[in-house]
Amino acid sequence: MNDAAPAPTPAPAPSPRSRARVRAPELIGKGGWLNTGGDELTLAGLRGKIVVLDFWTFCCINCLHVLDELRELEEKHRDTLVIVGVHSPKFVHEAEHQAVVDAVERYEVHHPVLDDPELATWKQYAVRAWPTLVVIDPEGYVVAQHAGEGHANALRTLVEELEAEHEAKGTLRRGDGPYVPPEPVATDLRFPGKAVVLPEGNLLVSDTTRHQLVELAADGETVVRRIGGEGVFREPQGLALLPDGTVVVADTVHHALQRFDPATGEVERIAGTGRQWWQGSPTSGPALDVDLSSPWDVAWWRGKVWIAMAGVHQIWTYDPASGTVEVAAGTTNEGLVDGPGAEAWFAQPSGLAATEDRLWIADSETSALRYVDTDGHVHTAVGTGLFDFGHRDGAAEQALLQHPLGVTALPDGSVAVSDTYNHALRRYDPATGEVTTLATDLREPSDAVLVGGDIVVVESARHRLTRLRLPEEAVRVEAVAHRTKREATDVAPGAFRLDVVFQAPTGQKLDERYGPSTRLLVSSTPPELLLSGEGTGTDLFRDLELNPDLTEGVLHVSAMAASCDDDPANEYPACHVHQQDWGVPVRITGDGASRLPLILAGLDA
């Protein structure tokens, strides 16, 4: 007689999802690999693992949001999942290898990163937008692609399905991944973001990567004290001194404003819920009840705290008297459009400075210096749009910046611009309309403050403050102009169909309870590229007419779709917003395509 217990009946293997079998192209990049201990990774070497490719660039706020979304997934599935960042630059500075090394540390990227300065892998995977996520199964086939942010739930579901499917097939390999952390570096500051001068003359600095504030003596070097840490702040950036002597902190990754009292050392949250704002969320109300999105800088102007809300391309205000927040300018569409605040477009506003009659704004993604006047209208002083940048002095209408993150009001009515990706401090004089260069050979300057007759610059990538004497005359530099270089799509003139392809992720459906759950906004640069079809609608397709008299341009497309968990038994299903902006360079040619498909989310490859 056999005393052994009968073997359990094996559970049926999960049914494989129906997918096109497309072999994933190999990963290539001239800049090489980071966070691998010097090893070069290949997809063949990763066989047996689920691989998620994250196509990102470090200037992009949506890409930074996706890094945060991936952290929980990365930790939960560490023995089966390998996330690989593919750094695909937009700006010239982002193609510098050391800049990528700095960004990987600055934003605490804890997975391997391929530095692809020439966009070789980007082209292999036909990527069109930052960020884009591509999922590769353990056998080396592409199974899904998602553009934009907000896909954490869909990715979680897909990874769990792939684990079960390939565990049953015997093609899943468990164990440690290839990530090797770099050696830590000892410095007093680590990628500082912004600074403010306290009433007694000391300097308060947001020490971004270490999630704290650091008070320095007036010399800008001696550490007086450290405030906070990861449990209190999360990548803090902007600082604003209030009339009562307290400091408002833009707690960027916590999506909140906090108030720090230098006298007592106390920190309290004054705005934001800790959750990221999504389309459809309230845009005004009690400050502690309204979601914010990556506040990057703050300034005290006209009795309120003004907020550079980089995550949604807007300017908000916080009123300490009423304890409320509201939108002051911006539509959430990304671009450069002036006019009344409610109609203006921004692109990652990241620096603020107040004068009596203007709130100056460093609008980073348009490489622009802009301002809001006392009537709430938005104006552009320097800059032309999302794709033109460089280092060129002279008349404001032809001067160029490169992704500025800070702006500082100077005593004579001019402003200094922390021209971050040009490693320079620039000056714009409204009286003359001229742009000049105050200093070069800085390293990613992100802010500057006045101390006596000097200007103290936050050199973020040198982890220090640098004191400069304000010169009486600026130094001119040789002009350099750039345009973002991406492969143009050949399109035919005349009738043209734009299709944004969206399929709700597994287990979800479009949310139609309160009306249309999708939105599509189309515009162009130059505006005359589109003879018809521009504007906003609720369908994810649009019939356009392209101007046959032009040879090139850019189609700007912004799409949003809302989906909810499809479970009839759940009275309160969780809902998810999927959104993405594209800037698609096009070339008008007789044999070009008459249809452009763009993948928003949830589509199996």
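We count residues from 1, following the sequence as given.
- Between Tyr371 and His379, the gap from one ring centroid to the other is short of 6.0 Å.
- Atom NE2 of His151 sits about 12.5 Å away from atom CG of Leu158, to the nearest 0.5 Å.
- Centroid-to-centroid, the aromatic rings of Trp360 and Trp301 stay 6.0 Å apart or farther.
- Of all heavy-atom pairs spanning Asp447 and Ala195, the tightest one is OD2-N, 3.0 Å.
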**OP:** Show your working on side-chain hydrogen bond (donor to acceptor under 3.5 Å, both in side chains) between Thr246 and Asp261 and close with a plain yes or no.
**Re:** CA-CA 5 Å; Thr246 62; Asp261 187 341; over 6 Å; no

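- Residues Thr187 and Val185 have side chains in contact (heavy-atom distance under 4.5 Å, counting atoms from C-beta outward).
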**OP:** Report the C-alpha separation of Thr252 and Gln237 in whole Å, then their side-chain angles, then the decisive distance to 0.1 Å, and conclude whether the side-chain hydrogen bond (donor to acceptor under 3.5 Å, both in side chains) test is met.
**Re:** CA-CA 6 Å; Thr252 304; Gln237 286 283 349; 5.2 Å; no

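- Taking 4.5 Å as the limit, every side-chain heavy atom of Gln402 sits out of range of all side-chain heavy atoms of Cys59.
- Here the side chains of Thr209 and Glu235 are not in contact, with every heavy-atom distance at 4.5 Å or above.
- Looking at Ser322 and Thr324, their side chains do bring a donor and an acceptor atom within 3.5 Å of each other.
- The shortest distance between side-chain heavy atoms of Trp296 and Pro349 does not fall below 4.5 Å.
- Ion pairing between Glu108 and Arg210 fails under the 4.0 Å rule for side-chain N and carboxylate O.
- Contacts of Arg467 classified as side chain to side chain donor-acceptor pair (under 3.5 Å), with partners at least two apart in sequence or in another chain: none.
- Contact check for Val249 versus Leu257: no side-chain heavy atoms found under the 4.5 Å cut-off.
- Heavy atoms only, all atoms of each residue included: Val127 and Ala129 are closest at CG1-O, 3.5 Å.
- Other residues, nucleotides and ligands contribute only 12 or fewer heavy atoms inside 6.0 Å of the CD atom of Glu266.
- The line from CD1 of Ile307 to CD of Gln314 is 11.0 Å long, rounded to the nearest 0.5 Å.
- The line from OG of Ser206 to CG of Leu189 is 9.5 Å long, rounded to the nearest 0.5 Å.
- For Thr332, the side chain to side chain donor-acceptor pair (under 3.5 Å) partners at least two apart in sequence or on another chain are Gln279.
- Counting heavy atoms of neighbouring residues, nucleotides and ligands inside a 6.0 Å radius, atom CG of Asp176 does not exceed 12 of them.
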**OP:** For Thr80 and Glu163, run side-chain hydrogen bond (donor to acceptor under 3.5 Å, both in side chains): C-alpha distance rounded to whole Å, both residues' side-chain angles, the deciding distance at 0.1 Å, then the answer.
**Re:** CA-CA 7 Å; Thr80 60; Glu163 280 183 341; 2.4 Å; yes

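- Residues that satisfy the side chain to side chain donor-acceptor pair (under 3.5 Å) test with Ser294, not counting sequence neighbours, are His65.
- The minimum heavy-atom distance between Val500 and Ala559, with the atom names listed, is CG1-CB, 3.9 Å.
- Looking at Asn333 and Phe346, their side chains never come closer than 4.5 Å, going by heavy atoms from C-beta outward.
- Residue Arg519 holds its CZ atom at 5.0 Å from OG of Ser558, rounded to the nearest 0.5 Å.
- The closest side-chain heavy-atom distance from Trp345 to Thr331 is below 4.5 Å.
- We find that Arg234 and Glu230 are joined by a salt bridge, their nearest charged nitrogen and carboxylate oxygen being less than 4.0 Å apart.
- With sequence neighbours excluded, the residues that form a side-chain contact (heavy atoms from CB on, under 4.5 Å) with Arg302 are Thr374.
- Ser460 contributes no side-chain N or O that, together with a main-chain N or O of Val458, makes up a donor-acceptor pair within less than 3.5 Å.
- Summarising the geometry of Trp122 relative to Ser88, their closest heavy-atom pair is CE3-CB, 3.4 Å, with the distance given to 0.1 Å.
- Between Phe191 and Tyr107, the closest side-chain pair of non-hydrogen atoms is not below 4.5 Å.
- Between Glu459 and the choices His423, Arg443, Arg464, the side chain to side chain donor-acceptor pair (under 3.5 Å) rule is met once, by Arg464.
- Among all heavy-atom pairs drawn from Phe233 and Gln212, the shortest one is CD1-CA, 4.2 Å.
- Atom-to-atom distance recorded for Glu74:CD and Glu72:CD is 11.5 Å, nearest 0.5 angstrom.
- Listed by chain and residue number, nothing satisfies the salt bridge (Lys or Arg N to Asp or Glu O under 4.0 Å) test with Glu334 (two or more places apart in sequence, or in another chain).
- For the residue pair Tyr318 and Ala271, the shortest heavy atom distance occurs at CD1-CB, 4.3 Å.
- A search for salt bridge (Lys or Arg N to Asp or Glu O under 4.0 Å) contacts involving Arg358 returns nothing, not counting sequence neighbours.
- A distance below 6.0 Å separates the ring centres of His403 and Phe91.
- With values rounded to the nearest 0.5 angstrom, Asp188 atom CG is found 8.0 Å from Leu216 atom CG.
- Checked against the 6.0 Å centroid threshold, His87 and Phe58 count as a close aromatic pair.
- With respect to the salt-bridge test (charged N to carboxylate O, under 4.0 angstrom), the residues Glu69 and Arg156 do not qualify.
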